[in-house]
Amino acid sequence: MKIDYLKINGFGKLNNKEINLNRNINVIYGKNESGKSTMLNFINSMFYGASKTKNGKDISDFDKFIPWNTEKFSGKLKYTLDDGNSYEIYRDFKKKAPLIYNDEMQDISLDFNADKNKGIDFLYEQVGVNESLFKNTVITPQNDIKIDKANQNVIIQKISNIVSSGDETISFKKTVDTINKLQNENVGTDRTSKKPINIVNDKIENLTKEKEELEAYKDLLENSINESSIIEQNILEESAKLEFLKKYRENLEYYKLKDSEIDIVRKVEAEYQEKINELENKIDKKSKKIVMCERKSFRRFYILFALSVIITIISILMNIGFMIPILLSLVSLVFGIITLVNIIKFKFEKKSKISEIEELEGRIQKEIDILAGNKNNIENEIKFKEDEINQVKEIDNNNLKMKFENVVNSNFLDMALSLNLNEVVISISNKEELINNLKVEAQNKNMKKEQMQIKVNDFIKTQELLESAIQEKEELLTLNNSFNIAKECMEKAYEDIRSSMSPEFVNRLSNIINKISNGNYENISFSDTDGLMVEIEDGRYVPVERLSQGTIDQMYLALRLSSIDIISKENLPVVLDETFVYFDDERLKNILEFINEFYKEKQIIIFSCSDREKIALSELKIKYNYVELEK
């Protein structure tokens, strides 16, 4: 299998990149931060997708490689299998499934099995290598030539190799001890204290008690909400009534203004009536004056006549003499005659005055008739205005009632429409006071409701914390079960390893180490306690970790190369990212010569930030494809 072509639309810091690769050795040169490691991850992600889960890392691959300078998070990769069939992958990393095309550009994506979590695992079907194994054999990340810890068991089962679990050794005992330690630290047991399982059990117990105590506030809050709702409804109803009363007051004030206008007209009417009364009184006074004069004249005559008679009688009775009574009688008689003459004179004058009075009465009566006519017109005007106002009032009242009949009780409307202005003003004042009281009550209820809500929020938070704690416990139990399964698997894997470790694989690994170490190390073995062991000059076997860093890297590179040889039926490519940093020039040439001689059927992709590989290949006269990345 070889990778023919890469097209990066957008992946991390890379965008609009196209790279053609050869079948054999390819050197991709780029300075630090030019995107070499990003391109390596692009190759892996094109085959297996960019995971959105962190898998123990600080950030997921999906989030880590979201493009910096473009919205296009996609790319294309062409590859050819050993049987000569070529395929093309197009992947939009925002979508789970890629598009797979064959040589004829036919979409064959549906020809492969699809997993709801992984999507289309086409490469596994084609070459028999899953992502974990691919990343720990085919791809050698920068500064990480050792095989990833999380995938060591998978690699062991695939290549019958022993890889460590905690310190890169092959010791089963250390691996189990490590698992037990991790199990104790990350879970704990019933006999431990202050371990995750003990802490979460105490947390569940405390949160359960707290939840029970706070649960009562739920009913209190519900009652408080209902009471507040009733008060708010009352406020709305009373506010509607208040609005109705204010509208009705406006109408009544308008009617009052109209009544004032009528009162002015009534005042004019009263002035006309007053003038009529004055004129009528004037006629009566004239008539009464004549009658009174006539009565006074006759009264004086009768008084003087009676007085003269009385004097005469008294004089006779007292024997005063004849002269004095006669004299007095004569005087009385003279006055009586004068009075009688005045009466007769008044009689003649009376006719003249009566005629004058009748003429005056005629003029006054005409004036009275005019005033009465004007008064009648005013009365008609008043009646017309009153009828008009009454009609408007009825229409306004009906319209006002219709406007509020859907929000205010009809009995209240009928009652309110029967009130006068003063009563309405009093009702408005009462309503405003009632509404203010209701608002104060509502505010108090809301304060209590807020207090209840705080408690209920505490209940919800407690419930969420409890659910989280229960989930945490379930996860811990699941993790604990995983540890137990892991230990069981380790026991089985150990037995499988011991039985499947063939001399062929050991010989292959030893041969590779011998070649790339220029004959310094020939034999390799495995130890349960020390892991990967290598024979040194005096014949002793020592763990590879005791050697120099460059030698350690040689050993693990040999382990990866020997693994790649047998994990798949395909000649898988070898992708190396800054793998030779700790190799001196001699070791570098040895490994490049070895790769060129023994891996002619494999594609080699070397990422480097220096010219060492380029110079060494040129000096060794080895053909290679050179690609330079711009920073």
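- Environment of CD in Glu537: sparse, with no more than 12 heavy atoms of neighbouring residues, nucleotides or ligands closer than 6.0 Å.
- Side-chain polar atoms of Thr192 and Asn184 form no donor-acceptor pair below 3.5 angstrom.
- Side chains of Val542 and Val534 form a contact here, defined as non-hydrogen atoms less than 4.5 Å apart.
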For this session: Give the C-alpha distance, both sets of side-chain angles, the deciding distance and a yes or no for side chain to side chain contact (heavy atoms under 4.5 Å, CB included) between Leu477 and Ile197.
Result: CA-CA 8 Å; Leu477 294 176; Ile197 192 68; 4.2 Å; yes
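- Lys600 NZ to Ile25 CD1: the interatomic distance, rounded to the nearest 0.5 Å, is 8.5 Å.
- Here salt bridge (charged side-chain N to carboxylate O under 4.0 Å, His left out) pairs that include residues 73-82, with residues two or more places apart or in two chains, are Lys76-Glu88, Lys78-Glu88.
- A 4.5 Å side-chain heavy-atom check between Ser74 and Arg91 finds every atom pair outside the cut-off.
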Exercise. Could you walk me through whether Asn596 and Leu620 pass the side chain to side chain contact (heavy atoms under 4.5 Å, CB included) check?
Worked result: CA-CA 10 Å; Asn596 183 58; Leu620 293 169; over 6 Å; no
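- Of the inter-residue distances, the one linking Lys181 atom NZ with Asn186 atom CG reads 11.0 Å to the nearest 0.5 angstrom.
- Among residues two or more places apart in sequence or in another chain, the side-chain contact (heavy atoms from CB on, under 4.5 Å) test is passed with Asn24 by none.
- One distance of note links CD1 of Ile66 with CD1 of Ile59; it measures 7.5 Å at 0.5 Å rounding.
- Proximity of Tyr48 to Val129: side-chain heavy atoms (C-beta onward) are separated by under 4.5 Å at one or more points.
- Few gaps surround CD on Glu125; more than 12 heavy atoms of other groups in view lie less than 6.0 Å from it.
- Ile460 places a side-chain heavy atom less than 4.5 Å from the side chain of Glu464.
- Put simply, the side chain of Thr53 does not reach to within 4.5 Å of the side chain of Ser60, judged on heavy atoms.
- Qualifying ring pair (Phe, Tyr, Trp, His ring centres under 6.0 Å) partners for Phe42, counting only residues two or more places apart in sequence or in other chains: Phe11.
- The pair Asp538-Arg540 meets the salt-bridge criterion, since a charged nitrogen lies less than 4.0 angstrom from a carboxylate oxygen.
- Figure legend: Lys614 and Tyr626 shown as a cation-pi pair, the cationic atom lying under 6.0 angstrom from the six-membered ring centre and within 45 degrees of its axis.
- When side chains are defined from C-beta on, Tyr90 counts as touching Asn9, because their heavy atoms get closer than 4.5 Å.
- Taking Phe62 as the reference, Phe73 meet the ring pair (Phe, Tyr, Trp, His ring centres under 6.0 Å) condition, with sequence neighbours excluded.
- With salt bridges taken as basic N to acidic carboxylate O contacts below 4.0 Å, one links Glu185 and Lys195.
- By the 6.0 Å contact criterion, NZ on Lys17 is enclosed, its count of non-hydrogen atoms from other residues, nucleotides or ligands being greater than 12.
- Under the salt bridge (charged side-chain N to carboxylate O under 4.0 Å, His left out) criterion, the residue pairs touching residues 48-59 are Lys57-Asp61, with sequence neighbours excluded.
- Of all heavy-atom pairs spanning Ser109 and Ile100, the tightest one is OG-N, 2.9 Å.
- One finds the CD atom of Glu131 at 5.0 Å from the CG atom of Asn44 (value rounded to the nearest 0.5 Å).
- Expressed to the nearest 0.5 Å, how far OG of Ser45 lies from CG of Leu77 amounts to 11.0 Å.
- By the 6.0 Å contact criterion, NZ on Lys7 is enclosed, its count of non-hydrogen atoms from other residues, nucleotides or ligands being greater than 12.
- Side chain to side chain, Thr80 and Ser86 meet the donor-acceptor criterion of an N or O pair below 3.5 Å.
- The list of salt bridge (charged side-chain N to carboxylate O under 4.0 Å, His left out) pairs with a residue in residues 579-591, not counting sequence neighbours, reads Asp585-Arg612, Lys589-Glu619.
- Ring geometry for Tyr79 against Phe47 counts as perpendicular: the plane angle is over 60°, on a 0 to 90° scale with 30° as the lower cut.
- Considering OH of Tyr624 and CG of Leu592, their distance stands at 11.0 Å, rounded to 0.5 Å.
- By the 4.5 Å heavy-atom criterion applied to side chains, Ile8 and Ile19 are not counted as neighbours.
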For this session: Go through the steps to decide whether Tyr87 and Ile108 satisfy the test side chain to side chain contact (heavy atoms under 4.5 Å, CB included), and finish with yes or no.
Result: CA-CA 10 Å; Tyr87 300 91; Ile108 59 171; 3.7 Å; yes
